[in-house]
Amino acid sequence: FPVTIQKGRVIVEELLGSVPVPRETPEISKRRFVVVTKEFSGLGFAKMLLDSGEDVVIAYKNDDVKVGEQRAYNSVGNGLVPKVPLDELMGRRTDYLDAYFIFDQNYHSDHSEKLRNEGYKVFGASKFMDRMEHDRNFAIQQMKPYFDIPETKEFSTLEEGIKFVQSRPDEAWVFKPDDSDEAYLT
């Protein structure tokens, strides 16, 4: 049977003899999303939600941005998706009781935990995830019952690690820095 789409509603026409009988489906209501970000990784996802008719806002915060770069940081995504500083949104979070909070990376777990504890719908970022990411020994202990953990070596400097790998040309090793200045290399 033919289907016609009108202003967010679907009209289904059934043919009974030669007389079409319209039957309406209920209108689908918008959902509200708050995409919480530090580095705007979720900007594309937020734009996709917005383009599909959802109510979306980006809540952003990055305390690591240098003073001279703050203006450029604050301009990311302008005109694409509505934006609000995260601290401002958290101050009036009761305006978002019905929203889904999506944390696009493992940052701002203090905010995600607060929202969860207050009954909000939250996906991503948590104290547990933060600890898994930043406390390698804790993460290894969590995974041991489920995975064979590969041999791990720790080094004080990048140069020590390079020297170690070069001394074992027939072995495969992976470089994973711990919260260091070398993290950008991975």
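What you are looking at is a predicted structure, and each value in this text was computed from that prediction instead of being measured. Atom set for the values below is all heavy atoms of this structure, side chains included, hydrogens, waters and symmetry mates excluded.
Note that NZ of Lys121 and CG of Leu97 are 9.0 Å apart. Values are rounded to the nearest 0.5 Å. Note that OH of Tyr120 and OG1 of Thr94 are 5.5 Å apart. Values are rounded to the nearest 0.5 Å. Atom CG in Leu86 sits 9.5 Å away from atom CG in Asp63 (nearest 0.5 Å). Taken from CG in Leu115 to CG in Asp110, the straight-line distance is 9.5 Å, to the nearest 0.5 Å. The line from CG of Asp55 to OH of Tyr96 is 8.0 Å long, rounded to the nearest 0.5 Å. Once rounded to the nearest 0.5 Å, the distance linking CG of Leu49 with CD1 of Ile102 reads 6.0 Å.
Of all the heavy atoms in Leu80 and Lys47, the pair that sits closest is O-CD, 3.6 Å. Residues Val81 and Val56 come closest through the heavy atom pair CG1-CG1, 4.0 Å. Leu50 and Pro82 make their closest contact through CD2-CD, 4.1 Å (heavy atoms, listed as atom of the first residue, atom of the second, distance). Closest of all the heavy-atom pairs between Asp130 and Ser109 is CB-OG, 4.0 Å. Residues His111 and Phe103 come closest through the heavy atom pair C-CZ, 4.2 Å. Considering all non-hydrogen atoms of both residues, Ala99 and Val34 come closest at CB-CG2, 4.0 Å.
Residues Phe101 and Phe128 do not share a hydrophobic cluster, defined by chaining ILVMFWY side chains whose heavy atoms lie under 4.5 Å apart. In the hydrophobic clustering of this structure, Val165 does not group with Ile162; members are Ile, Leu, Val, Met, Phe, Trp, Tyr whose side-chain heavy atoms approach within less than 4.5 Å, directly or through other members. Both Tyr73 and Leu43 are members of a single hydrophobic cluster when ILVMFWY side chains are connected at heavy-atom separations under 4.5 Å. Hydrophobic cluster membership differs between Ile140 and Val174, with clusters built from Ile, Leu, Val, Met, Phe, Trp and Tyr side chains linked at under 4.5 angstrom. Met129 is not connected to Val122 by any chain of hydrophobic side-chain contacts under 4.5 Å among Ile, Leu, Val, Met, Phe, Trp and Tyr, and they are in different clusters.
Counting non-hydrogen atoms of other residues, nucleotides and ligands closer than 6.0 Å to CZ of Phe123 gives a total of 12 or fewer. The 12-atom threshold is not exceeded at CZ of Arg31, counting heavy atoms of other residues, nucleotides or ligands nearer than 6.0 Å. By the neighbour-count criterion of 12 heavy atoms within 6.0 Å, atom NZ of Lys127 is densely surrounded, having more than that number from other residues, nucleotides or ligands. More than 12 heavy atoms of other residues, nucleotides or ligands sit less than 6.0 Å from atom CZ of Arg92.
When the side chain to side chain donor-acceptor pair (under 3.5 Å) test is applied to Glu69, no partner is found at least two apart in sequence or on another chain. Evaluation of the ring-ring contact (aromatic ring centres under 6.0 Å, His included) rule for Tyr100 yields Phe33 as partners, not counting sequence neighbours.
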List the steps, then state whether side chain to side chain contact (heavy atoms under 4.5 Å, CB included) holds for Leu158 with Phe175. CA-CA 9 Å; Leu158 182 59; Phe175 173 62; 3.5 Å; yes

Determine, step by step, whether Glu118 and Arg93 satisfy the side chain to side chain contact (heavy atoms under 4.5 Å, CB included) criterion, reporting the C-alpha distance in whole Å, the side-chain angles of both residues, the deciding distance to 0.1 Å, and the verdict. CA-CA 10 Å; Glu118 293 177 2; Arg93 64 188 170 279; 2.7 Å; yes

Applying side chain to side chain contact (heavy atoms under 4.5 Å, CB included), run through Ser167 and Lys163 and close with a yes or a no. CA-CA 6 Å; Ser167 72; Lys163 188 175 180 180; 5.9 Å; no

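Of the residues listed (Lys114, Glu113, Lys61), the one engaging His108 in a side chain to side chain contact (heavy atoms under 4.5 Å, CB included) is Lys61, and it is the only one.
Judged by distance alone, the side chain of Glu160 and the main-chain N or O of Ser156 form a donor-acceptor pair under 3.5 Å. At least one donor-acceptor pair under 3.5 Å links the side chain of Lys83 to the backbone N or O of Asn74. Under the 3.5 Å distance criterion, the side-chain polar atoms of Tyr60 are left unmatched by any main-chain donor or acceptor of Val76.
Arg136 and Glu154 are not joined by a salt bridge, as no carboxylate oxygen comes within less than 4.0 angstrom of a charged side-chain nitrogen. A salt bridge links Asp98 with Arg32; the closest basic N to acidic carboxylate O contact falls under 4.0 Å.
The aromatic rings of Phe164 and Phe155 lie tilted to each other, with the angle between the two planes from 30° to 60°.
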